[in-house]
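Accompanying notes for the structure given below.
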Amino acid sequence: MNEADARRVLLLRAFESGPTASWSEADAAWASGEAQRQVGERASAEQFVIARAALGSVRLAERDAAVAGLLQASGGHAAWGWVVVLLGGVIGLASDAIGAGQRINILAPPLLGLLLWNLAVYLVLAMAALRPGGAAAGVGMGPLRRALSRAAARVAGWLGQRTEPGSSPAWARFALAWASASTPLQAARLAAVLHAAAAALAVGALLSLYLRGLAFEYLAGWTSTFLSAPAVHGLLATVLGPASQLSGIPLPGVAELAALRFSAGPGENAARWIHLYALTLGAAVVLPRLLLAAFAAWRARSLARQFPLPLSDAYFLRLQRAQSGERVAVQVWPYNYQLPEALRPALASWLDRRFGPGVVVSLAANVPLGGEDELNLATVPSDGLLVALLSLTATPERETHGVFLRQLAAQVQAARLVVVIDESGFRQRLSGADAESRLGQRRAAWQRLLDESGQTALFVDLRQPERVQ
């Protein structure tokens, strides 16, 4: 699955995850049937999902101009990337890289600051790569890129919520899902741009240095309140020694350095110092940054060609069952909740849409408070799905609800346990301006309890099953 495939898959999932005027259940059935016909019975689940998303996105594009624009938009990241790199070069070229006036303090030119900054960046990247999981990330994601990636995700969500004002939240769902799924890819692209821009900044600064040196004569020397000539010699040997050995340009001795002190004379022609700093920046900044940019660009291309989109959540499992024709047994265990007879068809229909098609639902007897210690799940099929059904009207308690959920999780695989919380009764009691706030608070209380057992709640109003959190 490549980047374009993943974008279409997540787009269709966003439109199928809630009510929208642009997509119906009939459209979903058509897309599944046509994709099955195209790829054949022996196709993998990924091939089926990709083909289905391609068909669905074409139909969506016919109905929604925004979908058509999204599918046509590609390569925009390359354009802004080159703009950032060019801007880095222009800033470097416009900078006064050798200091104000026509005297260079060889201990404190702006180029030394540029060198130290890049060495600090390399240290941060190395530390990030050495952290557990850092090497697997491929590119040491520094704090700046992490911050920018989080900002991009927030902006994506903000834009998605405003793409269809007053209508379906499908665009918000897509924007948030894409921001999350594409974070490794976008981080690699951002790394390539930032490394290339840093190299361009250094190259621009070096060009500025030589161009100014052609038009003006610069004198080099040093001054310091605390350092003596021997200390300065040791410092320069550390910073510029490799460039001196590589180029054959000698560094002055201690006596010669003492004579270059501005308090002792005017200094000397700055040509050799400019050459030494240029070689040092080329070796310590330009070359490493270009190598890092090339590695990040390679990783970005790899991720774009093999996009890491797991197909293991409920949506994709439902599509895989639709492809194979498999029917799944779903056993519902209510806890301290007598599900009204009128809501049972709605529960079965919602479970079929969520985990089907073709689920076989069986409703177990209500487990009363205190009955969690006597659970017997021997009748649950090994390949089935277990649903813990709770009511939002109840206040979550560790000693009862928590024990019940832990007992279920201990007897079945975590992937087969789903926690569904019916909001219908709680919503009927809500009134007033703070109704939504109270609903959010109760949901949060339940999710805090579920976090302790590693579960995530699915909130549904069984009087309006399409209203799902």
Side-chain angles (χ1 to χ4, degrees), residues 77 81-82 84-93 95 97-99 105-152 183-209 232 234-247 249 251 273-303:
H77 56 86
W82 282 112
V84 172
V85 173
L86 180 61
L87 181 62
V90 169
I91 292 174
L93 189 62
S95 65
I98 49 180
N105 184 346
I106 58 178
L107 293 181
L111 289 179
L112 183 58
L114 184 61
L115 175 63
L116 293 176
W117 163 252
N118 279 273
L119 293 178
V121 169
Y122 303 153
L123 178 61
V124 171
L125 293 178
M127 292 174 62
L130 291 174
R131 286 200 306 265
V139 177
M141 181 183 272
L144 177 59
R145 288 198 294 280
R146 285 198 298 271
L148 290 176
S149 296
R150 287 194 295 266
T183 291
L185 172 60
Q186 304 305 343
R189 285 174 173 163
L190 185 58
V193 169
L194 291 181
H195 287 310
L201 177 67
V203 170
L206 293 177
L207 287 176
S208 170
L209 184 152
V232 172
L235 176 62
L236 293 177
T238 300
V239 176
L240 302 178
S244 174
Q245 293 180 1
L246 181 65
S247 64
I249 301 174
L251 287 171
W273 299 103
I274 291 175
H275 293 322
L276 289 173
Y277 268 109
L279 286 171
T280 300
L281 285 178
V285 177
V286 178
L287 181 59
R289 287 287 195 164
L290 289 178
L291 291 175
L292 287 169
F295 177 74
W298 168 81
R299 176 167 168 77
R301 285 193 296 270
S302 298
L303 289 171

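Atom set for the values below is all heavy atoms of this structure, side chains included, hydrogens, waters and symmetry mates excluded. For reference, positions follow the sequence shown, starting with 1. Owing to the predicted nature of the structure, the values given are computational and were not obtained by experimental measurement.
Trp117 is linked by a ring-ring contact (aromatic ring centres under 6.0 Å, His included) to nothing, counting only residues two or more places apart in sequence or in another chain. With sequence neighbours left out, Leu246 forms a side chain to side chain contact (heavy atoms under 4.5 Å, CB included) with no residue at all. Applying the side chain to side chain contact (heavy atoms under 4.5 Å, CB included) test to Leu87 and every residue at least two apart in sequence or in another chain returns Ile91. Looking at residues two or more places apart in sequence or on another chain, you find a side chain to side chain contact (heavy atoms under 4.5 Å, CB included) between Trp298 and Phe295, Arg301, Ser302.
Side-chain atoms of Ser247 come within 3.5 Å of backbone atoms of Ala243 as a donor-acceptor pair (strictly under, hydrogens ignored).
Separating the CD1 atom in Ile274 from the CG atom in Leu111 is a distance of 9.0 Å, to the nearest 0.5 Å.
The salt bridge (charged side-chain N to carboxylate O under 4.0 Å, His left out) contacts involving residues 191-208 comprise nothing, where partners must be two or more places apart or lie in separate chains. Sorted by first and then second residue, the salt bridge (charged side-chain N to carboxylate O under 4.0 Å, His left out) pairs with a member in residues 110-121 form an empty list; sequence neighbours excluded. Sorted by first and then second residue, the pairs that involve residues 184-197 and meet salt bridge (charged side-chain N to carboxylate O under 4.0 Å, His left out), not counting sequence neighbours, are Glu3-Arg189.
Residues His195 and Leu125 have side chains in contact (heavy-atom distance under 4.5 Å, counting atoms from C-beta outward). No side-chain heavy atom of Leu119 sits under 4.5 Å from any side-chain heavy atom of Leu123.
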Could you give me the CA-CA distance, side-chain angles and deciding distance for Leu236 and Trp273, then say whether side chain to side chain contact (heavy atoms under 4.5 Å, CB included) is met?
-> CA-CA 10 Å; Leu236 293 177; Trp273 299 103; 3.8 Å; yes
Only distances under 3.5 Å count here; give the side-chain donor-acceptor pairs of residues 277-288 to other protein atoms, sequence neighbours excluded, each with its distance to 0.1 Å.
residue : atom : partner : partner atom : Å
Tyr277  : OH   : Ile106  : O            : 2.8
Thr280  : OG1  : Leu276  : O            : 2.8

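Considering all non-hydrogen atoms of both residues, Val193 and Gly81 come closest at CG2-CA, 3.7 Å. The two residues Ala200 and Val85 make their nearest non-hydrogen contact at CB-O, 3.4 Å. Contact between Leu185 and Ala300 at its shortest, heavy atoms only, is CD1-O, 3.2 Å. Residues Ala196 and Ala293 approach most closely at N-CB, 3.8 Å, considering heavy atoms. Shortest non-hydrogen contact noted between Leu290 and Ala199 is CD2-CB, 3.8 Å. Nearest heavy-atom pair, Ser208 versus Ser95, reported as atom, atom and distance to 0.1 Å: OG-O, 2.8 Å.
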